[in-house]
Visitor: 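Mind looking over this structure? Questions follow.
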There are 2 protein chains.
Amino acid sequence: MARIKTDKNVSRKDVIVTKAATLFREKGFKAASMRDLAESVGVEAASLYNHIKSKTELLHEICFSVANRFMHKIDEIEVEPIPSIEKVEKLLRFHISEIINHYEEVYVSDREWKHLADPYLSNFQNQRRIYRKRFAAIIESGIRNKEIKKIDAPTAVLIMLHAISGIESWHRSTQKISAEELEANMITILVGGLINK
Amino acid sequence: MARIKTDKNVSRKDVIVTKAATLFREKGFKAASMRDLAESVGVEAASLYNHIKSKTELLHEICFSVANRFMHKIDEIEVEPIPSIEKVEKLLRFHISEIINHYEEVYVSDREWKHLADPYLSNFQNQRRIYRKRFAAIIESGIRNKEIKKIDAPTAVLIMLHAISGIESWHRSTQKISAEELEANMITILVGGLINK
DNA sequence: TATTGAAGCTAACGTGTGTTAGCAAGTTTT
DNA sequence: AAAACTTGCTAACACACGTTAGCTTCAATA
């Protein structure tokens, strides 16, 4: 009889969620079936329901674990006594490292959150909106201090966040530069485009 | 008996494809059903098949019409006798105007191409790869001419293309700046981050 | 070793899917 | 007005999906 293998500190549910993230990334949430997931876990589809409540629950877990990490980080950075442009740089570096180290989850959270069901959907959208506003506020304060060019802050946030999601393509590409080089290039272009000089 | 309305020069198939683009954008390709589409066209699901071959065909049409427009544009720009940095700017402006004027199609082509079936899938991926290489070549030539900072050109392309796809969010947002302002901000940040000075 | 709870299995359900067949209504051409 | 073609409809198909019920097997505890 098949059995889901677990290490210490990793519940069987965690294993399922992780495999789900990979599958949702590869095929998209809707196109990935519970039978696909079961196969990748090494078990029958019905057996998954001993550990999870529903397919959507898997998406919740993925999306909110990612969103929470970003929220905690911006909490932390916001209150640091450093110039705004450095806050922006820190945030960008965090985004980059998150997408490199938690590729599947971040990707899914970014592209598949549409398939969340209310009330999770509204909740997620709210968090996202708030996050972007706080990010924009940092940029605006940088503009007031003349550290940053006079630009529309919300637009700048959009550009930053989406630009960084380009790493998804880098992650899948075969002939790639190192993660460090990638990060350096990103910062050069993005922060370089902001700085007022 | 219901009937699909058409203007001159717009076939019934075109009407279906357009509505499909909207639906695929809203729900995603997999989650959008032919019955949904039929309703939005004002007809029964089975009737759609008098005009189209399959659901996937709709996706082909959307993805390749978008891809072709970009290919033709880069053909055109590549041979112009202007500095590389201006070529980059022209390409960016084209991307921006495409996403503003053909929002639904471009969005779908960007995010739903995964659901294409071979041989269209490989074909599409190839076109994408080639496009990015040609874009990167323009940047590399700009680096050689010292117009552009020394950066990894493929990374720069990723950043540009994804940054621009951020306009999707702008497009749906309620309190937005004008399209002209948006374009100006984008160019400032992106081109500003490239220029060697 | 006996007991118990966790974790797996098979079978099946109801529903929604893309698509086809066959026919009726409407429009254009002769 | 007849013929030919286009466009729509109803009904139904085969299938894949998420999920549940009920039972068995395994592993840990007493």
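Keep in mind that what you see is a predicted model, and the values were worked out from it rather than measured.
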Visitor: Which heavy atom of A/Thr56 sits nearest to which heavy atom of A/Ala117, and what is that distance?
Guide: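 Answer, listing the atom of A/Thr56 first, then A/Ala117: CG2-N, 4.3 Å.
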
Visitor: Rounding to an integer number of Å, can you tell me how far A/Asn50 CG sits from D/dA27 P?
Guide: 16 Å

Visitor: Nearest-Å distance, NZ (B/Lys55) to C1' (C/dT20)?
Guide: 17 Å

Visitor: Hey, is the side chain of B/His51 poking within less than 4.0 Å of OP1 or OP2 on D/dT6, counting only N and O atoms?
Guide: no

Visitor: Round to the nearest Å and state the distance from B/Arg12 atom CZ to D/dC5 atom C1'.
Guide: 13 Å

Visitor: A/Ala20 and A/Leu58: which non-hydrogen atoms are nearest, and at how many Å?
Guide: CB-CD1, 4.1 Å

Visitor: Measure from OH on A/Tyr49 to C1' on D/dT20 and round the result to the nearest Å.
Guide: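 After rounding, the reported distance stands at 10 Å.
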
Visitor: Base, sugar-phosphate, or nothing: which does B/Ala32 touch, judged by heavy atoms less than 4.0 Å apart?
Guide: sugar-phosphate

Visitor: Rounded to the Å, how far apart are A/Met34 CE and C/dT15 P?
Guide: 20 Å

Visitor: Between A/Glu57 (CD) and D/dG18 (C1'), how many Å, whole number?
Guide: 14 Å

Visitor: If the test is side-chain contact (heavy atoms from CB on, under 4.5 Å), which one of A/Glu89, A/Arg134, A/Lys90 qualifies with A/Ile77?
Guide: A/Lys90

Visitor: Donor-acceptor check, side chain of B/His162 to backbone of B/Leu158, threshold 3.5 angstrom: yes or no?
Guide: yes

Visitor: Please output the side-chain donor-acceptor pairs of residues 59-67 of chain A that fall under 3.5 Å, not counting sequence neighbours, one pair per line with the distance.
Guide:
unit_1  : atom_1 : unit_2  : atom_2 : d
A/Glu61 : OE2    : A/Lys13 : NZ     : 3.2
A/Ser65 : OG     : A/Glu61 : O      : 3.4
A/Ser65 : OG     : A/Ile62 : O      : 3.3

Visitor: Establish, with yes or no, whether the OP1 or OP2 oxygen of D/dC17 is under 4.0 angstrom from a side-chain nitrogen or oxygen of A/Ser33.
Guide: yes

Visitor: At a heavy-atom distance below 4.0 Å, what parts of residues 35-47 of chain A sit against DNA chain C?
Guide: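 When residues 35-47 of chain A is checked for heavy atoms under 4.0 Å from DNA chain C, the hits, listed by number, are A/Arg35, A/Val43, A/Glu44, A/Ala46, A/Ser47.
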
Visitor: Determine the minimum heavy-atom distance between A/Ala153 and A/Ile139, stating which atoms define it.
Guide: CB-CG2, 3.9 Å

Visitor: Among residues at least two apart in sequence or on other chains, which ones pass salt bridge (charged side-chain N to carboxylate O under 4.0 Å, His left out) with A/Arg111?
Guide: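 With sequence neighbours excluded, A/Arg111 shows a salt bridge (charged side-chain N to carboxylate O under 4.0 Å, His left out) to A/Glu168, given in chain and number order.
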
Visitor: Rounded to whole Å, please give me the gap between CD1 in A/Ile52 and C1' in C/dA6.
Guide: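 After rounding, the gap between these two atoms is 16 Å.
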
Visitor: Is A/Arg3 close enough to D/dC26 that one of its side-chain N or O atoms is under 4.0 Å from OP1 or OP2 there?
Guide: no

Visitor: Take the protein atom CG of B/Leu48 and the nucleotide atom C1' of D/dT10, then report the distance between them rounded to whole Å.
Guide: 15 Å

